[in-house]
Chemist: 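Okay, handing you the structure first.
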Amino acid sequence: MIKITFLNSAGVSTEVEAHPGDTAMQVAVDNLVPGIAAECGGACSCATCHVVVDSDWIELVGYAEDMEKDLLESLDGAGENSRLCCQIELTRVLDGLILQVPQS
Amino acid sequence: MEQICIIVGAGHAGAQLAASLRQEGWTGRITMVGDEPWLPYNRPPLSKAYLAGEKTFDEILIRHAEFYERQGIELVLNASASSIDRPHKAVVLSDGARLAYDKLALCTGARVRRLPEDGFDNVLYLRNRNDLEALRVYLRDGARAVIIGGGYIGLEAAAVLRKFAVSVTVIEAASRVLARVTAPELSQFYQRVHAEKGVEILTGCAIAGLVADAKKPNLAVGLELDNGRSVDADFIVVGIGVVPNTELAEAAGLEVSGGIVTDICARTSDPDIFAAGDCTVHPVKDFGTLRLESVGNAVEQAKAAASAICGKPRPDHSLPWFWSDQYDLKLQTAGISTGYDRIVMRGDAEASASFAAFYLRQGRLIAADCVNRASEFLLSKKLIAEGREIAPEQLADDSRPFKEIVA
C-alpha cells in the first residue's frame with residue numbers, strides 16, 4: 001500500500017491508502033477528499049481535480065504536459081507545481097506523497 | 001428511527017448522489033438499486049480507453065467496492081424497480097421485494113433509442129458494458145461497419161473503430177453531422193477529420209431498410225438507403241439518441257414531461273422524491289427548461305438532490321458542459337448554443353486541429369466549442385456564467401493568449 005496525504009486550504013489533512021497503479025484522483029474520490037470533484041472521471045477534461053504537489057515531491061511526480069498544462073494555465077490559483085491528480089499515477093516511489101488541495 | 005434513502009439507478013447520477021449524501025451528513029441508511037450487475041462505472045471511457053484495452057473495467061469504476069463498504073452504502077445490483085408505492089413509501093422490485101423509504105431518488109437514466117427493425121444479432125448499440133462486450137466480438141482488421149447516426153456517439157464510435165482498422169461508413173439523416181448540437185463550422189471540421197481518417201460519411205439520407213442474410217436471418221448484411229444506394233456491412237452500430245427512463249415515475253403519478261420534472265433543487269412533484277441525471281427535465285440557469293444528457297449534469301444535479309434530501313436545499317446553478325474525445329481531438333463545450341445569432345471563430349478550423357467557436361446571442365457569449373483549446377474552454381465557462389460582454393474581434397484575436405484577452 002502507498003500512503004498519500006491530501007492537505008486542504010484550511011490545513012486539514014486526510015491520509016489515505018492507495019494501490020500502485022491507482023491515480024491520485026481515484027484515491028481522493030474513494031475517500032471523499034473534499035475539493036476533488038473529478039467530474040469527468042479522469043478524462044483530463046474538466047479540471048476539477050486540481051492539486052499542488054509538495055515541492056519535495058514534484059520532481060518525482062513530474063510536471064504537467066500538453067492538455068493538462070493548458071487546462072492548468074487557465075485555472076485560478078494554479079502554479080508551477082500544479083497537477084490534475086487524475087493524471088498522477090501512483091507508484092511505490094510516491095509512498096508518502098503530499099498533495100495540497102487548493103480552495104475551489 | 002433510522003431514516004432510509006433509496007436510490008434507484010446506479011449510473012453517474014446515482015453514484016454521485018450516494019457519495020454526496022454522506023458528504024452532506026446523511027447518517028441514515030442508503031440503498032442503491034442498479035439494473036446492471038456491476039458497481040457504478042464511468043460510461044464515456046467504455047467505448048474508448050476500456051474498449052481499446054488501455055484501462056481495465058476496474059479502472060473505470062467511479063468508486064471502488066471498499067468505498068461503498070466504508071460509507072455503509074448498500075448496493076442491490078442486477079435488480080430493477082417495477083413500481084413505487086407512494087402511499088406506503090416503498091419501492092417494489094421486479095422480484096417482488098419491497099424496499100421502504102423515507103426519501104427516494106430516481107436516477108433511472110436513459111436507454112438507447114432502437115431501430116424499428118430490431119432483433120439482428122449484429123446490430124449494436126452503445127450504452128452499457130454489455131453493449132461494448134457485444135461490439136468487441138466484431139473488431140477485426142478489415143471488417144466493415146456502418147454507423148447509423150452522425151451525432152457525438154456515432155462519431156466517437158467511428159473514431160474508435162478506425163483504431164481497430166475497421167472500415168466505417170456513417171449514415172446521417174440531416175444535411176451535416178452534429179447538426180443538432182453545433183454550428184456548420186464544427187460539422188465541416190469533423191467531416192474533414194473523419195474523411196482524412198478514411199471514414200465515409202453519407203449525409204442527407206435515411207435508412208430504407210436493413211438487409212438480412214439469406215441463410216442467417218438474425219444477421220444483417222447491409223442496409224438500403226432512401227436514395228436507392230445500398231451499403232454492405234459486417235455489423236451495424238446505432239447511435240440515434242436516447243429515451244429517458246420515466247416509466248417508473250409516470251406510473252407513480254409524478255409529473256413527467258419529456259423527462260421527470262424537477263425544480264432547480266432536484267425535487268419532483270412529491271416532496272419525498274427527488275430525481276437527477278438524464279431522466280429529468282429541469283430549469284437550467286440562463287438556458288430554459290431542458291433535459292440534458294451529460295455526466296456533468298448528472299453530477300451537479302445529484303449534488304443538489306443530496307443537499308435537498310438532507311434538508312439544506314442548494315439550487316443547481318451550474319453551467320452545462322460537455323466533452324467528446326475523437327482521435328487525438330478533445331472537444332470541450334461550455335454552455336448551450338441553441339438560439340445563437342452570431343458565431344466567432346478563433347484559430348483555423350479549416351486547416352488546423354486547434355480552434356474555438358464562440359456562440360453569441362445579442363452580444364453575449366452563450367456557448368463555446370473548443371477543440372484542443374483547454375484554456376478557451378475554462379475561461380469561456382467563466383465568461384458565460386458571468387454574462388460578460390466581450391467584443392467579437394477580441395474573441396477572434398488568436399495572436400494573443402486568451403487569458404490575457406479576457407483578463
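In what follows, every heavy atom counts, from backbone to side chain, and hydrogens, waters and symmetry copies are set aside. Residue numbers begin at 1 in each chain, while the letters A, B, ... track the order of the sequences. What you see is a predicted model, and the numbers here were worked out from it, not measured in a lab.
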Chemist: Does B:Arg373 make a cation-pi contact with B:Phe402 (under 6.0 Å, within 45 degrees of the axis)?
Modeler: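 Not flagged: B:Arg373 not positioned over aromatic ring of B:Phe402.
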
Chemist: Would you check if the distance from the ring center of B:Phe355 to the ring center of B:Phe189 is below 6.0 Å?
Modeler: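 Under 6.0 Å, so yes.
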
Chemist: Using a distance-only test with no angle check, is there a side-chain donor-acceptor pair under 3.5 angstrom linking B:Glu36 and B:Tyr41?
Modeler: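 Present: a donor and an acceptor within the cut-off.
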
Chemist: State plainly whether the residues A:Glu73 and B:Lys403 are in salt-bridge range, i.e. N to O under 4.0 Å.
Modeler: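 Result for this pair is no, no salt bridge flagged.
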
Chemist: So what's closer than 4.5 Å to chain A heavy atoms on B:Asn372: side chain, backbone, both or neither?
Modeler: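 B:Asn372 touches chain A through backbone and side-chain heavy atoms alike.
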
Chemist: Could you have a look at A:Pro34, A:Ala37, A:Ala43, A:Ala47 and say which one has the most heavy-atom pairs with chain B under 4.5 angstrom?
Modeler: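 Between A:Pro34, A:Ala37, A:Ala43, A:Ala47, the count favours A:Ala43.
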
Chemist: State plainly whether the residues B:Arg127 and B:Asp278 are in salt-bridge range, i.e. N to O under 4.0 Å.
Modeler: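 Looking at B:Asp278 together with B:Arg127, the answer is yes, because their closest N to O distance falls below 4.0 Å.
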
Chemist: Should the ring pair B:Trp323 and B:Trp321 be called parallel, tilted or perpendicular, given that the plane angle runs from 0 to 90° and is split at 30 and 60?
Modeler: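 Rings of B:Trp323 and B:Trp321: parallel, as their planes differ by under 30°.
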
Chemist: Cationic tip of B:Arg63 within the cone over B:Phe67's six-membered ring, i.e. under 6.0 Å and within 45° of the normal?
Modeler: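 Checked: cation-pi criterion met.
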
Chemist: Is the closest basic N to carboxylate O distance between B:Lys163 and B:Glu54 below 4.0 Å?
Modeler: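 Yes, B:Lys163 and B:Glu54 are salt-bridged.
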
Chemist: For B:Phe377, which atoms come within 4.5 Å of any heavy atom of chain A: side chain, backbone, both, or neither?
Modeler: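 For B:Phe377, side-chain heavy atoms alone lie under 4.5 Å from chain A.
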
Chemist: If I measure from the heavy atoms of chain A, does B:Ile60 come under 4.5 Å with its side chain, its backbone, both, or neither?
Modeler: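 No part of it gets close to chain A.
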
Chemist: With respect to chain A, which residue among B:Lys48, B:Glu59, B:Glu66, B:Glu300 yields the maximal number of heavy-atom pairs within a distance under 4.5 Å?
Modeler: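 Option with the greatest count: B:Glu300.
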
Chemist: With a 4.5 angstrom heavy-atom cut-off, is it the side chain or the backbone of B:Lys55 that approaches chain A, or both, or neither?
Modeler: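 For B:Lys55, the side chain is the part near chain A, not the backbone.
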
Chemist: Charged N to carboxylate O below 4.0 Å: is that the case for B:Arg346 and B:Glu376?
Modeler: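 Result for this pair is yes, salt bridge flagged.
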
Chemist: When only pairs under 4.5 Å are counted, which of B:Lys303, B:Lys382, B:His12 shares the most heavy-atom pairs with chain A?
Modeler: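 When all of B:Lys303, B:Lys382, B:His12 are compared, B:Lys382 has the most.
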
Chemist: Return yes if a side-chain donor-acceptor contact under 3.5 Å exists between B:Gln16 and B:Ser20, otherwise no.
Modeler: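 Distance-only check passes for B:Gln16 and B:Ser20.
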
Chemist: Under a 4.5 Å cutoff for heavy-atom pairs, which residue among A:Leu71, A:Leu72, A:Asp30 has the most contacts with chain B?
Modeler: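 Between A:Leu71, A:Leu72, A:Asp30, the count favours A:Asp30.
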
Chemist: Could you please state which residues from residues 75-98 of chain A sit under 4.5 angstrom from chain B, measuring non-hydrogen atom to non-hydrogen atom, sorted by number, or 'none'?
Modeler: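 Checking residues 75-98 of chain A against chain B gives A:Leu75, A:Asp76.
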
Chemist: Considering only heavy atoms, which portion of A:Asp22 lies under 4.5 Å from any heavy atom of chain B: side chain, backbone, both, or neither?
Modeler: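 For A:Asp22, the side chain is the part near chain B, not the backbone.
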
